[in-house]
Amino acid sequence: MYKIRIKLKQSAAAPRKSEIAGHTAWIALLSQEQEANSRRWPYSAKLLARWATQQNRGGGTEVLGFDLPNEVGTHVSYACIKPDIGSFELLGIARRLFAAHRERALSSLLVSIAGFDEKTTERLAEALLAAIYAGSAQMPNYKSGQKRSTKLREIHLYGIEAEHGFARTRCEGEGNALARYLSCLPPNELGPAAYLKILQTLSKEQDWQLEFYDIAALKEKKAGAFLAVAQASAEQDAGIARLSYQPPEGQPPQDQTQTQQTQRVGGKLKEILLGEPAGARQKKLVLAGKGICYDTGGTNLKSAKHMYGMHEDMQGSAVALGSFLALSQQRVDFAVECWLALATNHIGPKAYKPNDVIRAADGSSIEIVHTDAEGRMVLADTLVLASRERPALIIDYATLTGACVQALGTGYSGVFTNRDVYMPSLIQAGRDSGERIWPFPLDADYDKGLQSNIADVKQCALEAEADHILAARFLQRFVKHNTPWIHIDLAAGNNKGGLAHVPTDTTGFGVRYTLNLLLDKEIFRT
């Protein structure tokens, strides 16, 4: 489903002709600015000559390829680039370089980089590996009689020998593959119950703790916003999953003030005691995701055009889970929790409807305006529960609004935060990771669009003006204790033809971005 079983071999030297002849596929990156260094590589003079000819003809092609005159007819795909190439462009070139070989039955692949300094070479190698891992991931396929191509088993990387072995890139690749795989599963294969079984399997594999707050538990918690969305489902299998990772050093100290929570263990409900800090924040990260396994729109039924593809409305939960997997495999030195709101937005006689007034877990009354704004409903109660223990940061992910897609298209995702100090890091993480985001305002005067005559707040505005901003303002009120919070509206969750290094329409956008934000920008530690 997500594991990358490709062995990586590294060498700081250049490949010899005999080594190239041992592979039927070769990817090469050469420098536009240091051709003298590049020419020391086998066949590099031929590669550069062809490149120069193409440029003189005004071709402007980013990637070239041809078969070498050796015994196996090694097919080489290559590009000449500038050292300061942007990450998004670099990842796109890396994807096209690997795509030139995807139809071949590859068991091994030779990759070489020449003409760059050590730091740049490492950056380029990382991008190439990210693209190869993304392109090698197996997605759900139900076609009859289709033969699978030979799986790639080895990558021979020349030009660099990094001690870390690009372990983080592998973790990110597995997190992204998991997010895409789950998102691509058809809705009859991935309802909330099936999703929970997958979480149980993963928890055993990864040594995570798993709690599941089912319908009965959420009724006890008075999570009316979540329950309103789930009430139309014939199968009452919805619930909120809570996954926990603790660093190798052990669980961070917690205040011993006691509260009760309901936990489902072995199919039974029982009361357990958990510590809840009275004041200081725990050094804990929370990742939360919208997991609507299918979205009909409910009473405000979607049209056929807009309902098709709504099995991917759980992609926010998949990205949260993929990021959680990548962080735990990296063995980060801080505690991480992953909260997934798993439900289906059905149509039926029990479905919630416009003008209903419900109460969320924090006691807030909500006037329902449009039942297709269900994502913010399930996330509202999830954020209430997740913020009660005062984590140091919450990041939530959701394919939440069409307004964000209209504002940005599907090449960027939108981001909101209640901490202005995060803004430069949020933007730069997008540029550096190649998963681009753009921030939107979160000013209080937008609340006038959510004013209700009968309840504390409207769920949304019927006119849907700036709905992505109104949705973020709605969610913010359910983040308690002024917890630092980042909300990512996944406009780029599906992009026709793929995006950056990812070749599938379903992009799994957010895993690579999250690790850059947390581990490189260290936003969690600020």
Side-chain angles (χ1 to χ4, degrees), residues 86-88 90-91 119-120 122-123 126-127 129-130 162-176 179 243-254 277 280-289 319-339 386-387 389-397 413-439 442 479 481-488 500 509-526:
S87 295
F88 179 79
L90 171 61
L91 288 167
K119 184 176 180 181
T120 302
E122 181 175 339
R123 175 174 175 255
E126 192 281 329
L129 290 173
E163 290 185 8
H164 52 64
F166 299 93
R168 175 173 147 186
T169 306
R170 179 183 292 268
C171 292
E172 290 177 353
E174 292 191 346
N176 175 270
L243 299 159
S244 301
Y245 157 85
Q246 293 294 339
E249 294 77 13
Q251 185 172 346
Q254 298 182 5
R281 296 196 188 284
Q282 297 184 50
K283 197 61 178 175
K284 177 173 67 179
L285 169 71
V286 168
L287 307 175
V319 171
L321 181 62
S323 300
F324 181 70
L325 172 69
L327 289 169
S328 65
Q329 289 191 336
Q330 278 287 99
R331 309 300 291 169
V332 294
D333 61 355
F334 50 87
V336 188
E337 289 187 353
C338 183
W339 292 68
S387 60
E389 294 181 10
R390 300 175 185 264
L393 174 66
I394 296 176
I395 306 176
D396 80 64
Y397 311 80
S413 287
V415 70
F416 302 79
T417 182
N418 60 1
R419 295 294 193 274
D420 287 344
V421 69
Y422 289 168
M423 283 299 185
S425 295
L426 292 172
I427 296 171
Q428 194 60 45
R431 290 172 177 164
D432 292 346
S433 69
E435 292 191 327
R436 302 169 301 178
I437 63 91
W438 198 250
L442 203 59
V479 179
H481 309 298
N482 193 31
T483 300
W485 168 68
I486 297 167
H487 163 59
I488 301 178
F509 181 106
V511 176
R512 185 176 172 89
Y513 175 82
T514 299
L515 266 68
N516 186 283
L517 186 66
L518 296 172
L519 304 184
D520 295 339
K521 306 301 177 288
E522 296 191 328
I523 198 168
F524 179 63
R525 304 182 192 279
T526 58

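- Residues F334 and V336 have side chains in contact (heavy-atom distance under 4.5 Å, counting atoms from C-beta outward).
- Residues L91 and G434 come closest through the heavy atom pair CD1-CA, 3.9 Å.
- Side-chain contact between L518 and V332 is absent, with no heavy atoms from C-beta onward closer than 4.5 Å.
- Residues L327 and L285 are in side-chain contact: their nearest non-hydrogen atoms beyond the backbone lie under 4.5 Å apart.
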One pair to check against side-chain contact (heavy atoms from CB on, under 4.5 Å): R123 and S87. What are the steps and the verdict?
CA-CA 9 Å; R123 175 174 175 255; S87 295; 3.3 Å; yes
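- Between the CG atom of L325 and the CD atom of Q330 there is a distance of 10.5 Å, given to the nearest 0.5 Å.
- The side-chain contact (heavy atoms from CB on, under 4.5 Å) test with I523 is passed by exactly one of T417, I486, I395: I486.
- In this structure, the side chains of I394 and S387 come closer than 4.5 Å at one or more pairs of heavy atoms.
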Audit row: F509, I437, side-chain contact (heavy atoms from CB on, under 4.5 Å) steps and yes/no
CA-CA 10 Å; F509 181 106; I437 63 91; 3.8 Å; yes
Using the rule given for side-chain contact (heavy atoms from CB on, under 4.5 Å), can you reason through Y513 versus S413, listing the C-alpha separation, both sets of side-chain angles and the distance that settles it, and then say yes or no?
CA-CA 11 Å; Y513 175 82; S413 287; over 6 Å; no
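- By the 30° and 60° cut-offs, the orientation of the rings of W485 relative to H487 is parallel.
- In terms of heavy atoms, A386 sits closest to V286 at CB-CG1, 3.9 Å.
- One finds a salt bridge joining R512 and E126 here, because a Lys/Arg side-chain nitrogen approaches an Asp/Glu carboxylate oxygen to under 4.0 Å.
- Between the side chain of N418 and the main chain of T483, a donor-acceptor pair closer than 3.5 Å is present.
- Salt bridge status for R168 with E172: present, with a side-chain N to carboxylate O gap under 4.0 Å.
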List the steps and the verdict of side-chain contact (heavy atoms from CB on, under 4.5 Å) for L287 and L243.
CA-CA 10 Å; L287 307 175; L243 299 159; over 6 Å; no
